[in-house]
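Here is the structure we will look at.
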Amino acid sequence: MYAYIKGRLEEIADDAVVVEAGGIGYNIKVSTATTELLPSIGNEVKIYTYTLVREDAFSLFGFLQRDDLEIFKKLITVSGIGPKGGLAILSVMSADALRFAVMAGDAKAIAKAPGIGAKTAERVILELRDKISLEDTLKGLGMPEGASRADNGVQGGENQMRREAIEALVALGYSASDATAAVKKVELFEETTSEMILKLALKHMF
């Protein structure tokens, strides 16, 4: 219903914020990780939202990054994980960390979220494994909003080199999760090649 709400930040609570836009104060449920990244009260903020409509409730759930919203939408498709559980998981791990955990089958990392037990964490992995791909994880390496087409071409080449390095690490026996995390730590320069990325990433594997 609402793609995002942009306005003045009026209130911050542990699990919700109030944003005034167009003379209306919107109460938006957020994760604790989101509250830690918010600006001070009185500043303008843009929050991407998910609208939950039920017979007895009309609720907004918000995120500072569109990527967090998208992973939240995937999370709440898991049986037993409602919006509250989705926020709990994203309170203890970022969207990228969740993708890594799903790809690596790391239920313990997901189960650290309050209210999420081991069986529920395993169900998250089982049901999201086919919905989260290496491409999804590489989104964090992509072109930022507002970048030019020229920038996109350069970024596309960098993404391809990173992808090749990840595939090489996976071929060497490393998990997609560990490989992706290691490659993301490598800083790229104009002269960087796929082989150089691979060698530098290997240093992060130990």
Side-chain angles (χ1 to χ4, degrees), residues 3-4 31 33-34 36-39 45-48 50 63-75 77-78 86 89-113 121-122 124-206:
Y4 63 82
S31 69
T34 296
E36 292 173 357
L37 297 173
L38 288 169
V45 66
K46 180 179 180 180
I47 299 184
Y48 295 95
Y50 173 82
F63 307 89
L64 292 175
Q65 301 294 329
R66 191 187 299 275
D67 188 38
D68 292 330
L69 172 61
E70 295 306 317
I71 202 71
F72 174 78
K73 290 179 180 178
K74 287 184 171 67
L75 266 174
T77 65
V78 177
I89 292 174
L90 292 176
S91 289
V92 300
M93 61 198 317
S94 66
D96 274 345
L98 177 59
R99 292 191 185 100
F100 298 157
V102 170
M103 289 192 298
D106 188 356
K108 288 184 178 180
I110 299 173
K112 290 179 180 178
E122 289 171 1
V124 169
I125 292 170
L126 180 64
E127 296 188 27
L128 291 190
R129 186 167 281 154
D130 293 333
K131 298 178 182 179
I132 292 177
S133 66
L134 193 57
E135 287 296 323
D136 290 327
T137 307
L138 288 171
K139 282 182 180 178
L141 309 174
M143 174 183 168
E145 292 184 18
S148 68
R149 291 189 178 185
D151 291 335
N152 193 20
V154 172
Q155 192 69 48
E158 293 178 352
N159 285 348
Q160 179 60 31
M161 289 192 296
R162 289 185 188 275
R163 188 175 297 109
E164 290 172 356
I166 290 170
E167 290 173 350
L169 288 169
V170 171
L172 290 172
Y174 295 102
S175 70
S177 173
D178 289 342
T180 303
V183 168
K184 286 190 69 175
K185 293 178 182 177
V186 177
E187 184 177 359
L188 297 189
F189 299 96
E190 186 175 349
E191 67 276 9
T192 305
T193 64
S194 297
E195 184 178 355
M196 291 169 65
I197 294 175
L198 177 59
K199 289 180 179 178
L200 291 172
L202 280 169
K203 294 182 180 180
H204 294 294
M205 303 299 288
F206 302 100

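Worth knowing before you read on, the calculation uses all heavy atoms, side chains too, and leaves out hydrogens, waters and symmetry mates. For the single chain, residues carry numbers from 1 onward in sequence order. Since the structure is predicted, the reported quantities are computational estimates derived from the model, not experimental observations.
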Derivation and outcome, side chain to side chain contact (heavy atoms under 4.5 Å, CB included), residues T180 and L169: CA-CA 9 Å; T180 303; L169 288 169; over 6 Å; no
May I ask you to test the [X]-[Y] pair for a side-chain heavy-atom distance under 4.5 Å?
X    : Y    : value
E195 : K199 : yes
D68  : T34  : no
Y50  : K73  : yes
Y48  : L64  : no

task: I would like to know whether I71 and R99 meet side chain to side chain contact (heavy atoms under 4.5 Å, CB included); could you show each step before the answer?
output: CA-CA 9 Å; I71 202 71; R99 292 191 185 100; 4.1 Å; yes
Over all heavy atoms of both residues, which pair between [X] and [Y] is shortest? Give the atoms and the distance, please.
X    : Y    : value
M161 : T192 : SD-O, 3.4 Å
A107 : I125 : N-CD1, 3.4 Å
I47  : F63  : CG2-N, 3.4 Å
K131 : K74  : O-CE, 3.2 Å
S91  : A33  : O-CB, 3.9 Å
V186 : A201 : CG2-N, 3.7 Å

message: Is it the case that the side chain of R162 and the backbone of V183 share a donor-acceptor pair, with hydrogens and angles ignored and the cut-off at 3.5 Å?
response: yes
field: Residues E167, R163: salt bridge by 4.0 Å N-O rule
entry: no
Pairwise distance [atom1]([X]) to [atom2]([Y]) - rounded to 0.5 angstrom:
X    : Y    : atom1 : atom2 : result
S31  : E36  : OG    : CD    : 8.5 Å
L188 : I197 : CG    : CD1   : 4.5 Å
I166 : S194 : CD1   : OG    : 11.0 Å
L128 : L98  : CG    : CG    : 6.5 Å

task: Evaluate whether atom CD of E164 has more than 12 neighbouring non-hydrogen atoms of other residues, nucleotides or ligands under 6.0 angstrom away.
output: yes
query: Given V78 and L126, is the side chain to side chain contact (heavy atoms under 4.5 Å, CB included) satisfied, shown in steps?
result: CA-CA 9 Å; V78 177; L126 180 64; over 6 Å; no
